*Asks:* 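This structure is in structure tokens; I'll ask about it shortly.
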Amino acid sequence: MTSHATDVDLERLLREALHAADTAEHWRADADEMWWRLTPESGIRRRQGWKLHVSATAASAPEVLVKALGVLLREESGFKFVRTLDQVGVLNSRATPRGSSGKFITVYPASDGDAARIALELHRATAGLPGPRILSDQPYAPHSLVHYRYGAFVGRRRLSDQGLMVWFIEDPDGNPVEDKRTGQYAPPSWAVSPFPASVPLPPRQTKAASRPVVLGGRFAVREAIRHTNKGGVYRGTDVTSGAPVVIKEARPHVEGDASGSDVRDWLRAEARTLAKLKGTGLAPEPLAMFETGGHLFLAQEEVPGVPLRTWVAERFRDVGSERYRADALAQARRLVELVAAAHACGCVLRDFTPGNVMVRPDGQLRLIDLELAVLEGDIALPTRVGTPGFSAPERLVDAPVSPTADYYSLGATMCFVLAGKVPNLLPEEPADRPAEQRFADWLSACTASSHLTGRLPEIVLGLMRDAPGERWDPARAAEALREPAPEHPRRRAASSAPTAVSATDAPPAHPTQAAVDGIVEHLVDSMTPVGGGRLWPVSTQAGETDPCTVQQGAAGVLAVLTRYFELTGDPRLPELISTAGTWIAARTDTRSIRPGLHFGGRGIAWALYDAGRAIDDRTLTDHALALALAPLEATPSHDITHGCAGSGLAAAHLWHRTGDPRLAELVVDAADRLAAAARPEPSGVSWPVPAEAVSEEAGKRYLGFAHGSSGIGCFLLAAAAVSQRVDHLELAVAAGEHVVAHAVTVGPAVQWPAQATDVPTAPYWCHGSAGIGSFLIRLWRTTGDRRYADLAHGAAHAVVERASRAGLTQCHGLAGNGDFLLDMADVTGNTAYRAMAHDLARLIVTERAHRAGHVVFPNDYGDVSTSWSDGAAGILAFLLRTRHQDSRHWMVQQPG
């Protein structure tokens with residue numbers, strides 16, 4: 001084959017092979033962005049069975065494909081292969097999920113006998129060629145590129161008990177079983193392998209052994225720190241000295257390039273760097289490098305402590321905002337010293353991030369994970385691998401090695417320590433606004449809630465200039481840090497309990513309207529009612545739900561656009577709302593529905609009814625009512641998102657809209673079910689997660705709004721207003737008392753753990769202060785008990801002082817937190833809370849990206865999504881409330 005493997009066109013190789021075999025007429029070929037698929041005209045098709053995978057590197061893929069085609073084009077089994085060599089490289093990258101990596105060719109044998117025969121022929125044809133081990137499969141033989149696993153041949157998916165779409169196969173009785181695609185070979189117990197059992201599983205994939213695995217004859221593995229596609233990182237013990245060690249593994253052919261270099265070369269480079277820094281105290285001491293089974297291992301001293309990323313979160317949580325400031329400044333100075341010391345040793349780090357710095361128990365810092373570091377005079381491995389937000393822009397396009405890239409990473413890491421995060425500034429189209437200016441806007445917006453005061457913003461911006469030659473060096477940063485820090489200003493959230501303010505104290509208008517307009521443009525233009533499985537594009541990094549739901553589907557977006565139309569009268573929207581509502585109605589079955597508000601049918605009914613009402617469409621409102629009254633599928637879940645409380649809350653909303661007594665009966669029934677499921681606690685009641693709902697969560701007593709007592713209690717308040725029953729109100733109060741008992745006060749802020757046995761969690765809607773505060777302020781309005789209002793005020797403190805550290809979305813971010821602050825303003829009449837919400841809105845808006853007239857935002861994974869929970873719809877809902885006096889989505893608004 002040609003030595004310039006990256007120039008080879010795999011499609012051309014396919015056409016040449018089809019021509020040479022004279023079998024083109026026997027195959028149907030089609031392609032998408034990722035795969036070429038070949039289906040035999042006369043082949044036997046199965047839904048599931050033993051399938052084969054063949055791995056390859058970017059360098060070996062052309063030859064592997066030619067050899068494999070020589071076998072497969074003689075067969076009657078369908079197959080597919082990755083279209084381009086660049087995609088092969090991506091498939092083998094260290095970031096690829098372990099369950100997907102390495103699968104260059106997939107074969108769907110027509111029978112088990114064919115599977116065994118084809119596997120043998122492919123193994124013989126590709127013997128000796130390089131390719132990574134496929135972790136989800138069993139290798140056919142030692143060092144073989146051919147692997148096998150039992151799984152689905154066709155894409156069949158269903159909703160799991162958690163409301164997520166999963167691939168499935170069927171057991172011998174026809175029952176659906178999830179087809180899990182993980183980094184381990186785990187065939188179903190009833191699937192009999194037709195292949196020779198010739199390759200034992202690696203030690204870490206077997207069940208607990210009677211004695212620990214010893215690597216290199218010296219290092220006993222104690223536990224895995226993490227597993228990634230490039231290999232594991234393990235804690236262990238040096239059996240010769242008893243000292244704790246860390247062992248890093250590099251798998252062959254991962255992140256391989258056309259020259260044959262891969263992550264093993266990175267590990268060798270790290271060993272050279274550790275040797276260079278030996279005795280300096282800057283990094284772990286190297287102990288040994290060795291090879292086992294073709295995998296390369298590097299053993300090094302274990303540095304006690306926690307990664308800086310963990311330290312930032314835990315220290316802020318434990319000591320509170322004011323005490324954290326001094327600690328953060330001290331760490332900022334240490335970071336500058338650390339980078340300066342590494343450079344003085346002739347080492348350019350290339351991946352300086354909060355995850356690659358350890359904080360020792362004494363507070364001192366150490367460098368770890370130096371695989372991308374380059375020593376003076378050494379040849380750098382070419383790479384675009386880096387950490388978005390922390391790697392200099394030129395680093396991510398493989399610019400020549402320069403210490404100025406480390407200056408940028410130093411500034412970003414300092415920002416993370418001081419503010420709690422670095423904003424994810426998505427690329428813009430066209431790129432009219434310099435990244436430097438966008439970052440400066442964010443710094444300015446987050447100053448009130450972070451520790452970036454005095455000269456600190458100037459230092460961070462100086463280190464992170466767009467132009468490498470204009471960046472501050474560590475010496476200049478150190479000099480600026482030595483200047484006395486000005487007194488930290490009192491922030492709005494750090495004051496005593498807010499009192500009423502006059503109209504002249506109302507917050508100034510923030511530039512949210514342009515962002516609102518741009519989001520609406522994005523939602524209007526991205527709706528695709530024809531073709532495809534989704535009405536609006538969403539991110540599926542956290543799993544994929546039913547395409548019609550509130551959480552991640554069309555109902556969430558429809559609800560927000562309906563509200564926007566009601567507030568603005570935008571003439572484009574009636575037709576769009578009608579189209580979207582019709583699309584959803586055509587895909588929802590009124591014979592039975594899943595429970596829950598965000599993942600269930602009544603949440604969809606809520607959105608459909610309000611949409612039909614807004615545009616006077618009786619067809620939509622009738623379908624919505626039928627959907628709301630449909631029988632619920634059996635569920636043991638109690639919560640808002642998946643369970644009884646969420647279904648009841650939607651029924652309560654629709655009862656207020658319609659007055660239909662059947663909906664009132666559904667509300668009462670849900671409340672009574674929750675009463676029967678409540679478990680007494682020393683402080684009140686809780687609702688443990690039943691084992692039938694989520695087995696791994698069985699018995700957990702969550703406190704938050706999405707999955708626990710606060711959301712259930714909020715529904716019970718709404719139910720009591722419908723039923724006029726004292727026992728429903730008393731149960732809501734008991735839920736509140738359980739929540740009160742587990743409040744954690746740190747300074748003026750009040751936080752909660754996800755469940756009573758945990759440490760406090762981030763103050764978001766899902767589990768934390770924003771969601772719990774949303775319940776408590778309503779409980780105060782109903783009961784007049786001042787304790788609930790005081791705790792809700794403390795929850796607002798927690799939300800505001802952590803604003804710079806938060807994401808942007810409803811479920812885990814500023815949009816949901818801001819909605820809580822607006823609730824506080826509405827319930828208490830105190831406009832100071834509205835001012836706080838405007839500060840959060842300003843923070844959100846600074847992270848926007850402009851794309852061809854649209855405004856988009858990153859979710860927690862850096863993706864662009866339109867959904868309610870983690871995308872544009874949820875952000876738009878909050879921003880609209882800052883522009884209009886409006887009620888909160890998915891909360892019951894009682895008449896009067």
Side-chain angles (χ1 to χ4, degrees), residues 1 5-6 8 10 34-35 51-68 79-107 119 122-123 125-149 151 181-186 198-205 224 226-233 248-268 291-298 371 381 383-385:
M1 302 302 298
T6 55
V8 174
L10 298 182
M34 183 72 179
W35 302 100
K51 56 184 177 181
L52 309 177
H53 291 111
V54 183
S55 70
T57 67
S60 70
E63 188 169 1
V64 170
L65 179 60
V66 169
K67 298 282 189 184
F79 64 95
K80 67 181 181 180
F81 64 89
V82 176
R83 287 190 62 177
T84 69
L85 295 177
D86 284 343
Q87 289 167 325
V88 175
V90 171
L91 199 64
N92 293 338
S93 74
R94 66 177 187 170
T96 301
R98 287 160 56 85
S100 305
S101 65
K103 299 174 181 178
F104 171 47
I105 302 173
T106 303
V107 185
L122 286 172
H123 167 65
T126 59
L129 295 175
R133 180 166 180 163
I134 298 173
L135 297 174
S136 63
D137 292 25
Q138 176 78 340
Y140 180 78
H143 311 298
S144 180
L145 300 189
V146 181
H147 301 70
Y148 56 85
R149 71 180 291 266
R181 301 170 183 192
T182 68
Q184 293 187 352
Y185 174 65
S198 58
V199 182
L201 293 177
R204 67 177 179 275
Q205 288 188 315
R226 62 180 176 270
H227 283 303
T228 66
N229 193 36
K230 71 177 180 178
V233 180
K248 300 184 68 176
E249 173 190 22
R251 296 177 58 228
H253 311 306
V254 174
E255 211 73 50
D257 59 24
S259 70
S261 174
D262 60 29
V263 291
R264 291 172 296 180
D265 296 285
W266 297 7
L267 196 60
R268 294 184 185 102
E291 188 173 314
T292 299
H295 293 213
L296 191 64
F297 294 87
L298 172 62
E371 59 191 18
L381 292 170
T383 179
R384 298 185 178 190
V385 171

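Quick caveat: nothing in here was measured; it's all calculated off a predicted structure.
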*Asks:* Please evaluate residues Leu129 and Glu63 with respect to the criterion side-chain contact (heavy atoms from CB on, under 4.5 Å), reporting the C-alpha separation (whole Å), side-chain torsions for both, the decisive distance (0.1 Å), and the verdict.
*Replies:* CA-CA 8 Å; Leu129 295 175; Glu63 188 169 1; 3.6 Å; yes
*Asks:* Return the orientation label for the Tyr148 and Tyr140 ring planes: parallel under 30°, perpendicular over 60°, tilted otherwise.
*Replies:*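 Geometry flag for Tyr140 against Tyr148: perpendicular rings.
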*Asks:* With a 4.5 Å limit on heavy-atom distance, are the side chains of Thr126 and Val64 in contact?
*Replies:* yes
*Asks:* Between Leu10 and Thr84, is there a side-chain heavy-atom distance shorter than 4.5 Å?
*Replies:*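 SC-SC contact between Thr84 and Leu10 ruled out.
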*Asks:* Considering only heavy atoms from C-beta outward, does the side chain of Val385 approach that of Trp266 to under 4.5 Å?
*Replies:*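 Side-chain contact under 4.5 Å: yes.
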*Asks:* How long is the straight-line distance from CG of Asp137 back to NE2 of His147, given to the nearest 0.5 Å?
*Replies:*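 That separation rounds to 6.5 Å.
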*Asks:* Show your working on salt bridge (charged side-chain N to carboxylate O under 4.0 Å, His left out) between Arg268 and Glu371 and close with a plain yes or no.
*Replies:* CA-CA 8 Å; Arg268 294 184 185 102; Glu371 59 191 18; over 6 Å; no
*Asks:* According to side chain to side chain contact (heavy atoms under 4.5 Å, CB included), who are the partners of Arg226, at least two apart in sequence or on a separate chain?
*Replies:* Thr228, Val233, Asp369
*Asks:* With a 4.5 Å limit on heavy-atom distance, are the side chains of Thr57 and Val88 in contact?
*Replies:* no
*Asks:* Decide yes or no for Ser136 and Arg98: does some side-chain heavy atom of the first lie under 4.5 Å from some side-chain heavy atom of the second?
*Replies:* no
*Asks:* Going by the rule side chain to side chain contact (heavy atoms under 4.5 Å, CB included), which residues pair with Leu267 if we only count those two or more places apart in sequence or in a different chain?
*Replies:* Lys248, Ala250, Glu270, Met289, Leu296, Leu298
*Asks:* Provide the closest heavy-atom pair for Ala56 versus Pro132 in the form atom of the first, atom of the second, distance.
*Replies:* O-CD, 3.6 Å
*Asks:* So do Arg251 and Arg133 actually touch side chain to side chain, heavy atoms under 4.5 Å?
*Replies:* yes
*Asks:* Do NZ/NE/NH1/NH2 and the carboxylate oxygens of Arg264 and Glu255 come within less than 4.0 Å?
*Replies:*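 The answer is no: the pair does not qualify as a salt bridge.
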*Asks:* What's the spacing between Leu52 CG and Leu145 CG if we round to 0.5 Å?
*Replies:*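 One finds 13.0 Å between CG of Leu52 and CG of Leu145.
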*Asks:* Where the side chain of Asn92 meets the backbone of Gly89, is there a donor-acceptor pair that is under 3.5 Å apart?
*Replies:* no
*Asks:* Output, in order, the C-alpha distance, side-chain angles, deciding distance and verdict of side-chain contact (heavy atoms from CB on, under 4.5 Å) for Glu249 and Lys230.
*Replies:* CA-CA 8 Å; Glu249 173 190 22; Lys230 71 177 180 178; over 6 Å; no
*Asks:* In Å and rounded to the nearest 0.5 Å, what is the CH2 to CZ distance from Trp35 to Phe79?
*Replies:*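 Rounded to the nearest 0.5 Å, the CH2-CZ separation comes to 12.5 Å.
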*Asks:* Please lay out, stage by stage, how Tyr185 and Leu135 fare under the test side-chain contact (heavy atoms from CB on, under 4.5 Å).
*Replies:* CA-CA 7 Å; Tyr185 174 65; Leu135 297 174; over 6 Å; no
*Asks:* Mind checking whether Val146 and Leu122 have side chains closer than 4.5 Å, heavy atoms only?
*Replies:* yes
*Asks:* If you define the side chain from C-beta out and look only at heavy atoms, does anything of Pro62 sit under 4.5 Å from Leu85?
*Replies:* yes
*Asks:* Would you name the heavy atoms of Asp262 and Gly256 that are closest together and state the gap between them?
*Replies:*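 Heavy-atom minimum between the residues: CB-CA, 3.9 Å.
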*Asks:* Closest heavy-atom contact between Lys67 and Ala125?
*Replies:* CD-O, 3.5 Å
*Asks:* So His53 and Arg149, side-chain contact (heavy atoms from CB on, under 4.5 Å) or not? Walk me through it.
*Replies:* CA-CA 8 Å; His53 291 111; Arg149 71 180 291 266; 4.0 Å; yes
*Asks:* Looking at every non-hydrogen atom in both residues, tell me the closest pair between Gly232 and His227 and how far apart they are.
*Replies:*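 Taking every non-hydrogen atom into account, CA-ND1, 3.7 Å.
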*Asks:* Consider only side-chain N and O atoms of Asn229 and Thr96, and report whether a donor and an acceptor are under 3.5 Å apart.
*Replies:* no
*Asks:* Crowded around Lys80 NZ? As in, over 12 foreign heavy atoms under 6.0 Å?
*Replies:*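 More than 12 within 6.0 Å, yes.
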*Asks:* Is there a donor-acceptor pair under 3.5 Å between the side chain of Ser55 and the backbone N or O of Gly102?
*Replies:* no
